Each structure stands twice: as structure tokens, then as C-alpha cells.
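No experiment lies behind these values; they were computed from the predicted model shown.
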Protein chains: 2
Amino acid sequence: MQETRQKIIDAAILIFNDDQSAPLEKVAEKAAVTRRTLHRYFKDRHELLTVCSKDIRKRCSEAMAAALDSSDRPLTQLEQLLYAALDCGAKYAFFHKLHGSEGHQHHGGNDDCTAYDTMHQRFLRLIMQLQDAGMITRHVTPSWIHAFFTGVVNTALKADAMGEVAKQSQKQFAWFSFSKGIGV
Amino acid sequence: MQETRQKIIDAAILIFNDDQSAPLEKVAEKAAVTRRTLHRYFKDRHELLTVCSKDIRKRCSEAMAAALDSSDRPLTQLEQLLYAALDCGAKYAFFHKLHGSEGHQHHGGNDDCTAYDTMHQRFLRLIMQLQDAGMITRHVTPSWIHAFFTGVVNTALKADAMGEVAKQSQKQFAWFSFSKGIGV
DNA sequence: TTCAAATGTCACACAACTGAGAAATTAGCC
DNA sequence: GGCTAATTTCTCAGTTGTGTGACATTTGAA
């Protein structure tokens, strides 16, 4: 059963997302599996992390690309991007965490880095395009908007986890605050 | 020298903020101190965490209270609250993380919880007051605004850590995005 | 039912982290 | 300079996490 593998990956993403150094026992527990089984699928901690990273890259990149392709209107693209990120959930958050951690070195040979950078560039271009068209404010920089974007995603994820905001309002609130926050 | 103690606490907040299970060696290293010295000030990991929690509570509560007292205009109070949170930096983020973690149980006997809840209540009241006055939108709930507030703080902290946004623009951007994002 | 693959249980060796004692070293102060 | 307290260095035992082997148990499909 290959679904066990995915179950472990998903658990690892959840656990490592808020505790990088968490013992593998916790991951196994979250995946409802023995540590021994976890080790059957993944040689060691490092391999598990690598696989998580690749899994995330694949899923996030696809979702983001689909969002961008879903429309010709830049503002709609941006809105769909936000929804896609929210759907990716913890994966999107972890994607950024991986590339923002201290020990991380960007280099071309790493596919994950390439995927991240590509996405990042497309995002920045979209933002600059919107600014040029006067559809969003120029008071804040594209860099800030990018940080703000992931910040709103994280906010929605946390609000969801805390159960403080109704599920169906989540996306609506997120888009309201994000779009207004960049001066749409 | 009692400043060593504070140095360790500050280092612990920084380290534990993005890796709860980080070895104490990392904390000691960040504080430019030996692990042995750390153990002289704090019996064990748990005591260090407890002290961090108290330190954070004290500093954040004071800063927030001062911000609220700095003006009579609700909107100015909110703006000052944001700046205070940004000044508290990682401490503010950790404050929330501590109270949002899984194993955490809210109970009256815990001073930290009380302080957190008090602050939380004052924040929500301020928001509802602004909504009643029609100064901010009603499209989003006070709960969402609270989550959004800490989200913006985290965004600014991250942007600062990544060096992507000029220091002096930080607060300005944060307030712009936050205020617009709640429909000011 | 039967067989094979997947998973669990137990046991082990090893590495890393933790907490503490004792002596050597450093820093501030009179 | 000498004294005192803080800190470092070195040490070590105890605990926890890691990775693996051997074998039992469960599961699912033929």
C-alpha cells in the first residue's frame, strides 16, 4: 500500500512545519504508523525531509501554475493564486519555510530552489504588472506584497487550525484583507 | 552579572520561536555562552521556557497597554498597538505561538494565560468599538482581524529577517496593509 | 483458505542531548 | 596586585532519539 508513504509525508509536513527538530516518533504517531514502518519507507530524517520538499514543490507549483493559467485578467490570477495557496495549506507554508531557513543555500542545481525561484519571479512580475496598470498601490513594494501574501495565507491557516473563523468565510476574508491590503 | 540571564532568555526566545525542540546548545551559542552557564541560570529546558513565557508576557503586556493608553482615538490606539507589537518583535510572535500550541491548556491559574486573555479581550473590544463606529469594515469578523493583526506582525518580522524590505519602510508598509486590510 | 506483502513488536547498538560536579580561568573591583 | 564572583573547560552518567535486524502478526487478494 503506497498510500502509507503519502500519509507519512503529509504527517511530516504538518509536524516539521512547526517543529523542525521534532522526533520522528511524533511524525509516525501523526501518521498512525510505527517508527519502524516510517524507517522502511525513508532511510533517515534527511531523506524524509528531501521527499517532503519534493512533494511540496510538485503540489504547490502545479496549483500555482493552474491558478495563473485560469484567467487572463491579472487581478483574477492573483485571486486564484491566493485560493490555490490556501488549498495547498500547510504545504505552501512549509514551502516558504524551507527556503527561508538559515542554513538554506540557493543554488541552481537544486530543483526545489529553481521551482521556488520561478514561482517567486512570476509572482513579482504579476505584481509589477498590476502596479504598472495602476490596479494596485505603489505605496508598498513587490517584495512586501510577496511577504504579505504568504502572511495572509499563514493567517488563514492558523485561523483555521484554531477554529476561530468559519471554514466557508476563510477564503473570502483572506481575499478581502489581502486585496485591500495591497490597495486594490 | 544578571545581564547574562537576560541574554540567555532573549536567545531562547529567538531560537525556540522557530524550533521548539532545538538543542539547548543552540540557545547557548546564540547567547554567546556555554551550555554549562545556561544550566546554572536555568535548571532545565522547562524552567527556561517558563521564564521566557513570563518575560514575554511582561514586556508585551506593558508595550500593548502603553500603546492603548497613548491616545483616546481608537484608530490611533490600533496603529500604536501594531507598532508596539512590531517593536516587541519575536517576543510578540512567540507570545502567540505559546498560546496557540497543541499541548496548551487555558486555565485561570496560569498568569500568562490571564495576561493573554486580557490583552485579547481588550483587542476585540477595540475592534468592535471601531466597527460600531463604522470606522472599519463589518465584512470580516473581530476574530479574523485579530488573526490578521498577528499575521501582519509576523509578515513584517519575516520580511525584516530576510532583509527584503528596508527597515524604515517596515512599519509604514505594515500599517498600510493592515489598516486597508480591515477596511479603514 | 492460503499465501505474500505490509506492518507491528521487541531487542539492540549507537549517537545526540541533558544535567551536574570540580577545577581552571577570566573579569570586575577594592 | 589580590580577592571574589562569574564563567569556562573538562568530565561523566543518565536519558532520549535514531537506525536496523529478526520475527510475529495482520491484511488483502487470489
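As rounded to whole Å, 19 Å separates atom P of C/dA16 from atom CD of A/Glu25. As rounded to whole Å, 15 Å separates atom P of C/dA20 from atom CZ of B/Arg45. Between B/His39 atom NE2 and D/dA6 atom P the separation is 19 Å, expressed in whole Å. Going from atom CD of A/Glu3 over to atom C1' of D/dG28 covers 12 Å, rounded to whole Å. Distance A/Ile15 CD1 to D/dG17 P: 14 Å, rounded to the nearest Å. For the pair B/Leu38 CG and C/dT18 P, the interatomic distance rounds to 10 Å; values are reported in whole Å. For the pair B/Glu29 CD and C/dC17 C1', the computed distance is 15 Å after rounding to whole Å. One atom, CG of A/Asp19, and another, C1' of D/dT16, lie 15 Å apart when rounded to the nearest Å.
Using bins of under 30°, 30° to 60° and over 60° for the plane-to-plane angle, the ring pair A/Tyr116/A/His146 lands in the perpendicular bin. Relative ring orientation between B/Trp175 and B/Phe178 is described as tilted, the plane-to-plane angle lying within the 30° to 60° band.
When distances run from any side-chain atom of A/Pro23 to the nucleotides C/dT18, D/dT18, D/dT8, the shortest one goes to D/dT18. Comparing atom distances between the B/Tyr41 side chain and each of C/dT9, C/dT18, D/dT7 picks out D/dT7 as nearest. Picking from C/dG19, D/dT8, D/dG17 the nucleotide with the shortest atom distance to the side chain of B/Asp44 gives C/dG19.
Note that CG of B/Leu14 is 12.5 Å distant from CD1 of B/Ile9, once rounded to the nearest 0.5 Å.
Taking only side-chain nitrogens and oxygens, A/Thr37 comes nearer than 4.0 Å to OP1 or OP2 of C/dG8. Side-chain nitrogen and oxygen atoms of A/Thr4 include at least one within less than 4.0 Å of the OP1 or OP2 phosphate oxygen of C/dT7.
When each of B/Lys43 and A/Arg40 is assigned the nucleotide of DNA chain C bearing its nearest heavy atom, the one mapping closer to the 5' terminus is A/Arg40. Nearer to the 5' terminus of DNA chain D, by closest-nucleotide assignment, is the contact made by B/Arg36 (compared with the other of B/Arg36 and A/Leu24).
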(Q) Run A/Phe123 and A/Phe149 through ring-ring contact (aromatic ring centres under 6.0 Å, His included) and show every step you take. (A) CA-CA 10 Å; A/Phe123 186 90; A/Phe149 180 85; 5.0 Å; yes

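More than 12 heavy atoms of other residues, nucleotides or ligands sit less than 6.0 Å from atom NE2 of B/His120.
The residue B/Arg35 sits close to a base: some heavy atom pair falls under 4.0 Å.
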